[in-house]
2 protein chains.
Amino acid sequence: MNTLKTIVTLNAATDACQLCHAKSVCFSSHLKTEDLHRFKDAVVHKTPIERGELLFMAGDNIKSVFVLHSGSVKAYLESEDGDNQITGFYLPGDVIGIHGIEKKCHTDTVEALETSSVCEIRFNNLDDIFDSFPALQKELLDFIFKEMNHDQEMMLVLGKMSADRRMAYFLLDTSKRMQEHGLSNSRINLTMTRHDIANYLGLAVETVSRILTRLQKSEIIHVDRRSVTIINRARLEKIYSCSGNEHIGHRNNH
Amino acid sequence: MNTLKTIVTLNAATDACQLCHAKSVCFSSHLKTEDLHRFKDAVVHKTPIERGELLFMAGDNIKSVFVLHSGSVKAYLESEDGDNQITGFYLPGDVIGIHGIEKKCHTDTVEALETSSVCEIRFNNLDDIFDSFPALQKELLDFIFKEMNHDQEMMLVLGKMSADRRMAYFLLDTSKRMQEHGLSNSRINLTMTRHDIANYLGLAVETVSRILTRLQKSEIIHVDRRSVTIINRARLEKIYSCSGNEHIGHRNNH
DNA sequence: CGATGTATTGAACTCGATCAAACAGTGTGG
DNA sequence: CCACACTGTTTGATCGAGTTCAATACATCG
């Protein structure tokens, strides 16, 4: 378990990007055709990794950046006591493995939530990353800044919000991100466990479970195992934005 | 209150960097002499801002990046309900105003904690920021990545740690950063209020106050108003790293 | 001085954690 | 096909860390 897969270079690497179903959301889509060829030479497709397997671990040397091709993964920081903190969930098109670039080694560990595959963009020299593909520089930076904004937003969520608001935030944010990645924005497919959600939001599993149940009883969402459908987005947004007012149902409303 | 100061270009801009007491910690120290001249032309020194005044606000257009020259500032996110979240405290040499660059407007607000001054590095075009001074590119990126790692670390602090651990983290981290900036690492001068510390750590003011008192009674730190001296760093580190064990004194140990 | 912002301390309360147990899927192997 | 182990999820009952409310102390400054 948790072994790193060996790298397999595809013969058809040149065509791979054209055929890639994540093409439209991949940051390489911003390259001009002449650059695209050089880019493809740097790209290595890795064999899929299974649920629970690691893409890399905190401490590993960084020699490349990854773009998630299919599936979904979680990134987490390892704490001194085994109490990890999930820092994010990633979807196809997302850039992975940029944290700790300046230290030349990963600061986080990335683990597959389901069978997933990535494109690995190799660099001879880490300092090259921003020089090799000038056209990609802006895209990569945009991604880095988006990541920073997300992390700061999480500071607000974790530092200030009630459990209900955190959960509402998670559902709305996941919905938004799925939409940005070309997926349905009302039916959310949770590839992570309740435990992962709880960890990410700084809550206990039981709390996550209870809130989901309450949201369902209030007919704001519909929950079926790992599939969550947003029924009443307005009320969910109200729970997220309002600190008071909109409460989720009562103990017994029969 | 809270008005932005007008910009004053110093005649002696060329010498300013040489004379600057933050020179050794400023990222411009990595420039070669030929670049340094071009750099100085881009630098504008702003008149000092007083405690409570804003350097910029969330939503303002970004047309430059700042380096803190003297004093200290806090950055915070504004929440929909007036409940802000402080995302960081900055010391001389720190780069400020990089969040939201890809959106071309600030995502956070920066406010002086004491009389402070900054160097403003102007850019004609935001996309220039990483092209104008190739030698600075790495330094600026290092700073950005360091910031990202800090933000993620805060996710762990806010998501997983007890109030005691958060406080220990804050004291140790502040101490470390002050040392990196060439200041004493055992006597910490807190330029922010208890309220700010509480906000930053996701706690109530009263909790911060109580923990400081307890830490003092246990002879781990000495508190005198805004000045905190670390007496027993080992025990403080134990509180930070251990989740259990090392507890801070008892109610009454007389 | 009094006035104001900041800090401490005490008492009561609450949200969410923890503990405990049952339940639901999903294999796995006889 | 069923018994089983195993992992993930739900639900209930209890507990406690930290919040909230309230009052007081302290520092600084007009």
Side-chain angles (χ1 to χ4, degrees), chain A residues 1 50-52 74 83 86 111 113-114 157-168 170 189-217 221-228 239 243-244 247-252 254, chain B residues 1 50-52 74 83 111 113-115 157-168 170 189-217 221-228 239 243-244 247-252 254:
Chain A
M1 30 88 87
E50 300 295 322
R51 173 180 176 79
K74 64 177 172 184
D83 206 1
I86 295 179
E111 180 180 327
L113 293 168
E114 59 188 317
V157 170
L158 296 172
K160 296 281 169 293
M161 295 191 187
S162 68
D164 288 349
R165 290 185 74 189
R166 293 185 202 198
M167 200 65 222
F170 174 74
N189 186 31
L190 301 174
T191 53
M192 70 294 287
T193 66
R194 304 287 141 104
H195 229 105
D196 287 336
I197 299 172
N199 179 299
Y200 179 60
L201 296 177
L203 301 170
V205 208
E206 295 93 327
T207 307
V208 168
S209 180
R210 272 185 255 271
I211 293 175
L212 284 176
T213 307
R214 260 189 293 151
L215 285 170
Q216 164 144 265
K217 277 186 182 151
I221 62 172
H222 178 258
V223 185
D224 176 22
R225 205 123 184 65
R226 295 281 179 93
S227 165
V228 172
I239 292 169
S243 42
H247 280 293
I248 316 171
H250 301 284
R251 279 160 268 259
N252 302 305
H254 44 65
Chain B
M1 30 84 86
E50 301 294 323
R51 173 178 176 80
K74 64 177 171 183
D83 208 0
E111 181 181 328
L113 292 169
E114 60 187 317
T115 307
V157 171
L158 295 171
K160 296 282 169 293
M161 294 191 187
S162 69
D164 288 350
R165 290 185 74 189
R166 293 185 202 197
M167 200 64 221
F170 174 73
N189 185 30
L190 301 174
T191 54
M192 70 295 286
T193 66
R194 305 287 141 104
H195 229 105
D196 287 336
I197 299 173
N199 179 301
Y200 180 59
L201 296 177
L203 300 170
V205 209
E206 295 92 329
T207 309
V208 168
S209 182
R210 273 185 254 269
I211 294 175
L212 285 176
T213 306
R214 259 189 294 151
L215 285 169
Q216 165 145 263
K217 278 187 181 149
I221 61 173
H222 178 257
V223 184
D224 176 23
R225 203 120 188 69
R226 295 281 179 92
S227 166
V228 173
I239 292 169
S243 43
H247 279 294
I248 316 171
H250 301 285
R251 278 161 270 259
N252 302 307
H254 46 64

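Quantities reported herein were computed from a predicted structural model and do not represent experimental measurements. A note on names: the letters A, B, ... follow the listed sequences, proteins ahead of strands, and every chain is numbered from 1.
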Could you tell me if the side chain of [Y] sits less than 4.5 Å from the side chain of [X], heavy atoms only?
| X | Y | result |
| --- | --- | --- |
| B:Thr191 | B:Lys74 | no |
| B:His222 | B:Gln216 | yes |
| A:Met167 | A:Leu212 | yes |

Using whole Å, what does the distance between atom [atom2] of nucleotide [N] and atom [atom1] of [X] come to?
| X | N | atom1 | atom2 | answer |
| --- | --- | --- | --- | --- |
| B:Met167 | D:dG18 | CE | P | 13 Å |
| B:Ile211 | D:dT19 | CD1 | C1' | 12 Å |
| B:His195 | C:dT6 | NE2 | P | 9 Å |
| A:Glu50 | C:dG27 | CD | P | 13 Å |
| B:Leu215 | C:dT8 | CG | P | 12 Å |
| B:Leu212 | C:dT9 | CG | P | 10 Å |
| A:Asp224 | C:dA24 | CG | P | 14 Å |
| A:Gln216 | D:dT9 | CD | P | 15 Å |

Minimal non-hydrogen separation, A:Asn199 against A:Ile86, with atom names: OD1-N, 2.7 Å
Minimum heavy-atom distance B:Arg165-B:Ile239, with the two atoms named: CG-O, 3.2 Å
With sequence neighbours excluded, residues passing side chain to side chain contact (heavy atoms under 4.5 Å, CB included) with A:Ala198: A:Val208
Residues forming a side chain to side chain contact (heavy atoms under 4.5 Å, CB included) with A:His195, sequence neighbours excluded: A:Thr193, A:Val205
Sugar-phosphate, base or nothing in reach of A:Arg166, heavy atoms under 4.0 Å: nothing
Sugar-phosphate only, base, or nothing, as touched by B:Thr193 at under 4.0 Å among non-hydrogen atoms: sugar-phosphate
Residues in side chain to side chain donor-acceptor pair (under 3.5 Å) contact with A:Thr213, at least two apart in sequence or another chain: none
What does the list of N/O pairs under 3.5 Å between the protein and nucleotides 25-28 of chain D look like, with a distance for each?
from, atom 1, to, atom 2, distance (Å)
D:dA27, O3', B:Arg225, NE, 3.4

Presence of B:Thr213 side-chain N/O under 4.0 Å of C:dT9 phosphate oxygens OP1/OP2: yes
side-chain N/O B:Arg51 vs C:dT6 OP1/OP2, d < 4.0 Å: yes
Reading 5' to 3' through nucleotides 14-20 of chain C, protein heavy-atom contacts under 4.0 Å coded B for base, S for sugar-phosphate only, - for none: --SSBBB
Qualifying salt bridge (charged side-chain N to carboxylate O under 4.0 Å, His left out) pairs, either residue in residues 197-210 of chain A, two or more places apart: none
